[in-house]
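Predicted, not measured: the structure shown is a model, and the values here were computed from it. To find a chain, count down the sequence lines: A is the first, B the second, and so on, and within it residues start at 1.
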Protein chains: 2
Amino acid sequence: MNGKATTTRTKLERGRSALGPALELVHTGRAPTRAVLTSELGVTRATAGAVAAELEALGLIRVDSSPGSAAGSQGRPSHRLSVLETGPVVLAAQVHADGFRAALVGLGGRIVATSPGCVAVMADPAQVLGEVVEAGAELLRASGLRCVGAGLAVPSAVAEPEGTALNPLHIAWPAGSPVRDIFAACVRRAGITGPAFTGNDVNLTALAEHRHGAGRGAQHLLCVATGHRGVGGALVLDGRLHSGSSGLALEVGHLTVNPEGRPCHCGGRGCLDVETDPLAFLTTARREPGPEESLLKQAGNLLRTEYDDPAVRQAAEALIDRLGLGLAGLVNILNPDRIILGGLHRDLLEADPERLRAVVADRSLWGRSGSVPILPCTLAHNSLVGAAELAWQPVLDDPLAALA
Amino acid sequence: MNGKATTTRTKLERGRSALGPALELVHTGRAPTRAVLTSELGVTRATAGAVAAELEALGLIRVDSSPGSAAGSQGRPSHRLSVLETGPVVLAAQVHADGFRAALVGLGGRIVATSPGCVAVMADPAQVLGEVVEAGAELLRASGLRCVGAGLAVPSAVAEPEGTALNPLHIAWPAGSPVRDIFAACVRRAGITGPAFTGNDVNLTALAEHRHGAGRGAQHLLCVATGHRGVGGALVLDGRLHSGSSGLALEVGHLTVNPEGRPCHCGGRGCLDVETDPLAFLTTARREPGPEESLLKQAGNLLRTEYDDPAVRQAAEALIDRLGLGLAGLVNILNPDRIILGGLHRDLLEADPERLRAVVADRSLWGRSGSVPILPCTLAHNSLVGAAELAWQPVLDDPLAALA
DNA sequence: GCAGTTTGTTTAGTTGCGGCACAAACTCAG
DNA sequence: CTGAGTTTGTGCCGCAACTAAACAAACTGC
C-alpha cells in the first residue's frame, strides 16, 4: 500500500487560496476596502468578495457594508475592511535589560493589553520566561479572547534551527541558552494554545516597523538600533525577514567605523558596537554613566535636553559620523531603499538628521544608493509587536490551517 | 518503447503554474527523472506526467522512456528527463578587459557555440555591443536554432531600473552609459527575437554557479571575485539574485580590511578593492606588473608557479589574511551558507585553503556562521552562462507566455 | 430625476490538480 | 522461469479556486 510511506508534503505546501494574501493586506492596512483588496490581489470582484466573506466567517476581519459611511469619490462606495476587535490574539513577550513585559496583540498590530513592565531580570531564562508567560496567560484569562500563538523577543542573536540565544549579554543569561524551547515549554505549561516562536529583538522591530510603522511599503528595509549596549541590525526583503542561513545575519556591531577607535571585545578596534552605543556617547560627552539598565534613557535625555552644551554636541556629532560610516558600509552591501533607526541611533538621527544623511551619502559609492531615506522608528513597543508578527505568520500564510 | 505519439486530449493550456518550476528543475539538473520531478514539485504523478509531456510538446525537454536504460533500483524505472539539444537557445554576451565574446547557450547552461574572444575593446559601448551582438547573430544563423532572448554581462555595477553602467572603469566606457538600452537596440537591430537583459558580471557569475556550478543547492550563496582590477560581490537568495533596490548591492570593494593600508580612490584606506586585487598582489610580491589586461593571468601564474618564493608566499598570505577579514565581515552581515570565490580570490583560496578558512572563522562572530564552506568557482565561462540565465529567466517563470 | 461611474452579487463555465484504480516495468527469491 | 514485491506511468472522476459576463445596487453631478 502506498498510504503511509508517501513522504511528500502535498497538502501543507500548497497555498490554499488567496485567503492568506488577503488577510495580510487587511492586517497591514493596505486593503481598507474590498475594492482595494480586489485590485491588490489582482483577482475578480467575485473572488475578492468570497475571500472577504470567508475571512469574516473565520472571525478574523469585519466587512462593513453600512450605507452612509461613504467615500466622497464617484460610484458605489466599497465595503470597508478592518480587523475584528474581538478576534483572536497572540501572546507577545519581550525580555530586555529593563525587565520583561507581556502583551496580547491582535491583527493589525493592535495591542489589546499589556502587563506592567517588570524590572527584575534573573539569570535563569526558565524562571524569567515562566513569569512573563504567566503574566501573559493572566491577561488572556482576563480578556476571554482566543489565543492562536505566542512570540518572544530577546536581545540576542537566535541561532536557527536550534533556537539558542548566542549572546544574551545584557540580561545575564548563559550564552547558548535554548530560549526557543524554554519559551515553548512555558507556553505549553501555561495552557496557551498555538505554536511558539522566538526571535531577536531588532529583527522583530524591523518586522513590526515594516508592517505597521515607518518601514511600510519598503521592499528592502534596513533597520539598525542600539539598546543599552551593543548594536543590532535587521533586513526585511519583500516583506520577509532575512536572517541568513542560520539566523545570524545583520550582526552589524563589528563593522569598523573608526580605525583609531577604542578596542572591542571582538578583537578589532573602533567597531560600530563600541563607538555608537549609549556608553560611548556618555563617555565621549564626559558624563558619568549611570546604571547599565538606564544608559539608553540617560543618553537620550542628554541629547534632547543639553544639545547646546558643546561637549554633548561634539560627542553627538562624532557618533553621528561613525554611525553614518557604518550605515554607508551597509548601504554599499545591501542597497536598501529605506533605513530606519531605533534606540540611541534614532535619537542621534533626530538630533541632526542632515548631518547623518550627508555622511551616509558621502561615504556611499554612488549618490543614488546613498540618498536612501533614513527615518526614525515610529512604533511604540515595536519589538513586542514584532514578536506578535512572528506568531501571526502561520495565520497569514494559511488562515484555514492555522485556525483549525 | 517509443513515446506515444498522441495524447488523447491535447490540452495546450494545460499547465500554467507547475510548468515553470518543473522546467527549472530540469534546467538545473535537479530532476533527472519524472519520479524525482514528481516529488520535487510535490504533486501527484499524474500532474508531473502532464507537465513533463507539455514541456516536451513545447520543444524544451526530452522525455526518455526507452526501456533498458534503467537504474538498478527496484520498481519500474522512471522516464528520464533532459533538456532538448535542438531546443531554443539564448544569445549570451560578455564584455571585459580582455575583450568581448558571444555565445549561444541552451537550457541547462549548455554552451552550444562561442565566438572567438576578441581583444579590441573600444571606448564606444554602442560599437562594442554592436560587434558582439553581430558575432552572436552570426552564430545563430549558422546554428539554425531558435533564439528566445539575449543577456549581457559587463564588468560594472548596473543601476536599476535605468540599466546604466556606473563604473565601467576597466573597459574605458563612460560612466553612466545606458548599456541595457544600447544592448537591447543592438539585439533588435540584428533581428534577434526575445527580450534583452544586462547585468553585472560577478552577479551573473554567482547566478550561473548557483544553478550549474559550485553554488548548487546553496540557499544563501555569497560570491566574491576579482578580475584584473577591483572586487565584486554577489548574493543569491533562494535561487534569486539579490541585487538590492537599485541593483547596487554587494559592492564589497570598499570594506576596510587593513586600517594602515594603501589609500583608495573612495577616500578610505585599505579597502578590499586595493588590498586584494592582482595589482596589490604583484606589488606586494615585488614583481613588475604587466599590462592591465593581463594582470589577472600574471598574478595567477605567479601564485601557481612560484609559491615557494618567500616574497610570493608572503604576499599571498597577506592577501589571504585581508580577504579573510573582508569575507568575515560579509559573513557577519549576510550569514551565507556557502561562499564561492572567483578570479584571483579563487587562486588565493587554492593556494592555501586552510589559512583562508581559519581567518574567516577567527574573525566571524560565532563559530557556526564562520565555518561556512568556501569553494572555488568551477564553471567555465561562468559570466557568459550567467548572462544566459538572465535571458532564460522569463522562460523559467512562464514557459507558455515566453515562447508564445 | 436621469446619466454616468464604481462596486457588489449571481450564475455559468474553466482549469489545475488530488485521489484512486489499474497497468507497466523493473528486482529478487526460489 | 515464475510469482511476489516494489516503484512508476496513465486514465478517469471530481473538487476547489478561480474567471467571465451579465445584472443589481449605491453613490455623484447635472
**Request:** Return the value, rounded to whole Å, for the distance between atom NE2 of A:His79 and atom C1' of D:dA25.
**Result:** 9 Å
**Asked** Atom CG of B:Leu37 and atom P of D:dT10: how far apart are they, to the nearest Å?
**Response** 13 Å
**DNA chain C: 5'-proximal contact among A:Gln74 and A:Arg45 (nearest heavy atom)** = A:Gln74
**Message:** Let's see if you can work this out: which of C:dC26, D:dT19, C:dG8 has an atom nearest to the side-chain heavy atoms of A:Thr47?
**Reply:** D:dT19
**Message:** How many whole angstroms separate atom CZ of B:Arg34 from atom C1' of C:dA24?
**Reply:** 12 Å
**Request:** Select base, sugar-phosphate, or nothing to describe what A:Thr44 touches, counting heavy atoms under 4.0 Å on all strands.
**Result:** base
**Request:** Drop me the distance from A:Leu41's CG to A:Ser17's OG, to the nearest 0.5 angstrom.
**Result:** 10.0 Å
**Item:** A:Leu19 side chain near A:Leu55 side chain, heavy-atom distance below 4.5 Å
**Value:** yes
**Asked** Which part of the nucleic acid, if any, lies within contact of A:Ala46, taking any heavy atom under 4.0 Å across all strands shown: a base, the sugar-phosphate backbone alone, or nothing?
**Response** base
**Message:** Can a donor-acceptor pair be found, under 3.5 Å and without considering hydrogens, that links the side chain of B:Arg188 to the backbone of B:Ala196?
**Reply:** no
**Prompt:** Is a donor on one side and an acceptor on the other found under 3.5 Å between the side chain of A:His210 and the backbone of A:Ala218?
**Reply:** yes
**Prompt:** B:Ser78 has a side chain; which of D:dT8, C:dG8, C:dA25 sits nearest to it?
**Reply:** D:dT8
**Fill in**
To the nearest angstrom, the CD-P distance between A:Glu56 and C:dT9 comes to 10 Å
**Message:** Both A:Gly75 and A:Thr38 contact DNA chain C. Taking the nearest nucleotide for each, which residue is further toward the 5' end?
**Reply:** A:Gly75
**Message:** From CD of B:Glu54 over to C1' of D:dT10, roughly how many Å is that when rounded to an integer?
**Reply:** 17 Å
**Request:** Report the residue (A:Val43 or A:Arg76) whose heavy-atom-nearest nucleotide on DNA chain D is the more 5′ of the two.
**Result:** A:Val43
